[in-house]
A.B. asks: 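This is the structure I want to talk about, given as structure tokens.
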Amino acid sequence: MPNSPSDRSGARRRIAVQRKGPLLVEGPVEVELEDGSVVTSDRFRVALCTCRRSRRYPWCDTSHRDRA
Amino acid sequence: MEHDREEPRLPRPRGPLSRGVATYLRGAGGLPRLEEIVRAEVYGEDLQLALYLCYELHYRGFAGVSPDREWDPGLLRVRAALEQRFLSALRTDARVHDSLDEALADLLVEPVDGTGVSHFLRDEGELWHLREYAAQRSLYHLKEADPHAWVLPRLWGRAKAAMAAVEFDEWGGGRAERVHARLFADLMADLGLDTTYGRYLDAASAEALVTVNLMSLFGLHRALRGALVGHFATVEITSSPGSRRLAEAMRRTGAGPAAEHFYDEHVEADAVHEQVVRHDVIGGLLEQEPYLAPDVTFGIDATEFVEERFGARLLADWRASRSSLSAPLDRETTHTS
């Protein structure tokens with residue numbers, strides 16, 4: 001069932017934020033890093049690291065998790 | 001990589017139950033009697049292989065076995081008796097969390113000094129360990145995400161859309177060369193293993209058969225849809241950190257680029273998948289069917305239970321410098337295509 005053409009919300013990119021955990025962005029995406037380089041992901045959704053601990057930055061690698 | 005043009009061969013039997021089922025599948029004899037099923041060791045290789053044979057008819061079947069056997073009433077009765085023993089043992093033996101939130105919270109904590117198989121392989125794994133691990137896990141990874149597809153018609157709304165999206169990603173997002181089962185076959189090729197589907201069924205330990213039978217059991221029964229979702233969540237949540245260690249093991253041993261890539265891809269993919277599964281698959285399912293929360297918890301606890309048994313068996317064998325396999329790799333014929 002197609003969305004109504006007047007419904008523009010379908011064109012907006014949804015980003016889910018969490019206090020603890022990555023930003024979840026609808027893919028595919030291009031991410032421009034500080035040095036100007038661009039990395040891409042074609043996944044239906046991507047998890048962007050916000051804790052800065054990821055070894056695969058800018059992608060989340062679950063390094064934000066509690067350790068015990 | 002050309003393979004899977006033919007159905008897998010029936011494996012060697014490992015006792016009266018698996019011999020009975022295999023013989024029946026070939027059309028050469030009667031099925032095991034129920035008394036034999038009641039007597040067998042529930043997590044033992046004979047009962048688990050018999051169950052595996054019943055389940056495989058729903059995936060790829062076996063060479064020389066009629067596809068009609070999939071819905072053979074006599075065989076389904078035997079399968080039900082095997083499943084009843086398996087399921088009641090799991091309900092007795094698996095640790096049970098009081099709530100789903102607690103079960104999920106436990107999965108989300110990373111141990112500082114982990115002692116699991118992925119830690120062992122990262123720190124001291126040699127190529128022969130990695131080859132054994134890949135051969136055992138090939139039973140699961142060459143049908144990666146397949147039994148979870150059976151839950152799709154049993155979900156709707158948010159849970160269905162999210163589950164389908166994660167499955168689509170597991171199957172390569174529409175690209176055959178990115179299907180995770182294919183990436184695993186590429187890893188196997190790097191390790192000098194035969195990538196043919198079903199090739200290492202003879203080599204798999206009882207504990208490895210149990211891990212695959214668990215997901216087939218949950219996948220094939222609508223009544224266990226909550227447990228299937230719990231299984232999927234457990235795999236996705238625990239995969240990222242474990243895959244990072246396995247990628248390091250592959251790099252350190254020089255296993256090869258495809259072997260590294262398989263686990264690197266899982267670090268990244270499953271960091272996304274676990275979010276989607278927790279928020280949208282579990283969240284969506286429980287919005288619609290809140291009474292399934294204990295089933296999801298059971299699925300998590302049962303998965304943890306069988307994975308811990310599998311890991312403990314591998315480590316016990318390896319620490320004793322023993323092979324973990326039921327049939328040695330080098331005695332098997334080499335792959336030629």
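In what follows, every chain begins at residue 1, and chains take the letters A, B, ... in the order their sequences are listed.
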A.B. asks: Out of the candidates B:Y133, B:Y263, B:F262, only one should pair with B:F184 under the ring pair (Phe, Tyr, Trp, His ring centres under 6.0 Å) rule; please name it.
C.D. replies: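 Result: among B:Y133, B:Y263, B:F262, B:F262 is the only option passing the ring pair (Phe, Tyr, Trp, His ring centres under 6.0 Å) with B:F184.
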A.B. asks: Return the option, out of A:C60, A:S54, A:S41, A:G21, with the maximum number of heavy-atom pairs under 4.5 Å with chain B.
C.D. replies: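 Winner by heavy-atom pair count: A:C60.
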A.B. asks: Do B:E167 and B:H273 have side-chain atoms, one donor and one acceptor, less than 3.5 Å apart?
C.D. replies: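 No, no side-chain donor-acceptor contact under 3.5 Å.
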A.B. asks: Heavy-atom distance under 4.5 Å to chain A: side chain of B:D270, backbone, both or neither?
C.D. replies: neither
A.B. asks: Could you check which of A:A68, A:S63, A:A47, A:P22 has the highest count of heavy-atom pairs closer than 4.5 Å to chain B?
C.D. replies: A:A68
A.B. asks: Looking only at heavy atoms, which two atoms of B:A159 and B:Q288 are closest? And how far apart?
C.D. replies: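 Here B:A159 and B:Q288 meet closest at CB-OE1, 4.4 Å.
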A.B. asks: For B:R244 and B:S118, test the side chains for any donor-to-acceptor distance below 3.5 angstrom and give the result as yes or no.
C.D. replies: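 No - no donor-acceptor pair under 3.5 Å links their side chains.
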A.B. asks: If you count heavy-atom pairs under 4.5 Å between each of A:R43, A:R56, A:Q18 and chain B, which one has the most?
C.D. replies: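 Among the listed options, the one with the most contacts to chain B is A:R43.
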